[in-house]
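Whatever order the structure lists ligands and atoms in, that order sets their numbers, starting from 1. Since the structure is predicted, the reported quantities are computational estimates derived from the model, not experimental observations.
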Amino acid sequence: MNISTNCNIIAEELKRGGVVAVPTETVYGLGANIFNEDAIREIFNLKKRPLTNPLIVHIGNLNQLDTLVDNVPDCFQILIKTFWPGPLTILMDKKDSVPNIVTANSEKVAIRMPNHPLFLKVLTKLDFPIAAPSANPYKRISSTEIEHVKKYFDGQLKYALDGGKCTVGIESTIVGLEEGEVFIYRKGGVSKEQLENVLDKKVFYKEVVGKQLPGSALKHYSPLKEMILSDDINKTVLQNSSRKIGILQFSDHLLFNNIEFNFSFKKNLEYASKNLFNYLHFLEQQEIDLIICEKFPSNGIGNALNDRIYRASSK
Ligand code: TXA
Ligand code: MG
């Protein structure tokens, strides 16, 4: 895998029909031209992802939006103005020209404008949008640094664009419209509170576990080690004191004896978001037999973080 920071090389490779790892502010993606069916199939193969699970389409400017949809509802106009470029994906009625393989035969296409300077630069050099799921094999932890992409796909990808460590660190929030109401289908980098503030109305969350909807597989984002969640980190550590443990804690940086690794999220949800997947990548490679993760406070982005650790710890 050639790791590059040269946007011209990456854009040329995408024009040739290649699949390239690209950085975004949320997580790294595996990107390809939405109109090149072979390249899109290659993404599904690389991820070992079923064709029934659609891909998010990434655009670099609003002109590219017109090539994907005929009309943008008023509430989405507001969201686009406020949150793009940024970690918000919007489901909209697609034009016929958007290939069915990208949307898994759905009439809706998921679109976002990512907020990463290098990826945006690449996107504006292209006259087609880029479909990109997260750069991880199906159900594994998403990649938030180029090293993670390398761990998963070295030898399988020709190029990766190195954009440094992802600043948000968890995936975009996915929203859609049902009978005039805005629904969140996947919690992510933009919180429910933020959406309700700008729309000045209630936004709903739709649990879609098990169906082929956004990030909905119950077991997902999973480390290779057993992981359990805790409301009381002291108690949980004590109960498992005979095991080799890695700890992820939010509330306080408590020190324990005989604990192999002990990470603190410093009581800061943004810091936690930026580091959660990094710590999980690290811990899954250590000689431990259990990861204990303290639950996050359920406000703001804490809701999305709890969603991720809940799925990561599902059996
Ligand atoms: O932050 C993100 O959204 C990252 C970066 C790379 O942009 N992408 C990402 O993609 O998380 P992925 O494929 O790992 O997760 C996207 C989710 C999938 O679970 C998929 O089911 C859902 O979005 N999705 C994509 N297109 C859809 C559609 N047309 N209708 C319903 N769900 C869709
Ligand atoms: Mg993913």
Leu91: numbered ligand 1 atoms lying under 4.0 Å from its heavy atoms: 27 (C), 28 (C), 29 (N), 30 (N), 31 (C)
Region of Arg49 that comes within reach of ligand 1 [heavy atoms, distance under 4.0 Å]: side chain
Distance filter under 4.0 Å to Asn53 heavy atoms, resulting ligand 1 atoms: 18 (C), 19 (O), 20 (C), 21 (O)
Any N/O pair Lys108/ligand 1 closer than 3.5 Å: yes
N/O/S atom of Asn136 inside 2.8 Å of the Mg ion (ligand 2), strictly under: no
Enumerated ligand 1 atoms positioned under 4.0 Å from heavy atoms of Thr26: 1 (O), 2 (C), 4 (C), 5 (C)
Atom indices of ligand 1, in the order listed, that fall short of 4.0 Å to a heavy atom of Leu55: 25 (C), 26 (N)
Donor-acceptor side-chain pairing of Asn303 and Lys192 below 3.5 angstrom: no
Tyr28-ligand 1 polar pair, N/O distance under 3.5 Å: no
Short side-chain to backbone donor-acceptor contact, Glu107 and Asp93, under 3.5 Å: no
Short N or O distance, Lys47 and ligand 1, threshold 3.5 Å exclusive: no
Numbered atoms and elements of ligand 1 in range of Ile174, under 4.0 angstrom, heavy atoms: 17 (C), 23 (O)
Atoms in ligand 1 flagged as close to Ser172, the criterion being non-hydrogen separation under 4.0 Å: 1 (O), 2 (C), 3 (O)
Whether Arg112 lies under 4.0 Å from ligand 1, heavy atom: yes
Flag for Ser251-Glu294: side-chain donor and acceptor within less than 3.5 Å: yes
Polar contact flag, side-chain donor to acceptor under 3.5 angstrom, Arg49-Asn53: yes
Heteroatom distance test (Ser106, ligand 1): nitrogen or oxygen, under 3.5 angstrom: no
Straight-line distance of Leu248 CG to Ser230 OG, nearest 0.5 Å: 11.5 Å
Considering all heavy atoms, the nearest Leu276-Arg308 contact: CD2-CB, 4.2 Å
Closest to atom 12 (P) of ligand 1 among Ala21, Ser134, Pro87 (heavy-atom distance): Ser134
Within 45° cone of Phe183 ring axis and under 6.0 Å: Lys206 NZ or CZ: yes
Contact atoms of ligand 1, heavy-atom distance to Pro133 under 4.0 Å: 10 (O), 12 (P), 13 (O)
Lys165 side chain to Asn275 side chain, donor-acceptor N/O pair below 3.5 angstrom: yes
Proximal atoms of ligand 1 relative to Ala110 (non-hydrogen, under 4.0 Å): 25 (C), 26 (N), 27 (C), 29 (N)
Residue pair Val182, Lys202: steps toward the side-chain contact (heavy atoms from CB on, under 4.5 Å) verdict: CA-CA 8 Å; Val182 174; Lys202 203 167 158 42; over 6 Å; no
Parallel, tilted or perpendicular: ring planes of Phe282 versus Phe263, cut at 30 and 60 degrees: perpendicular
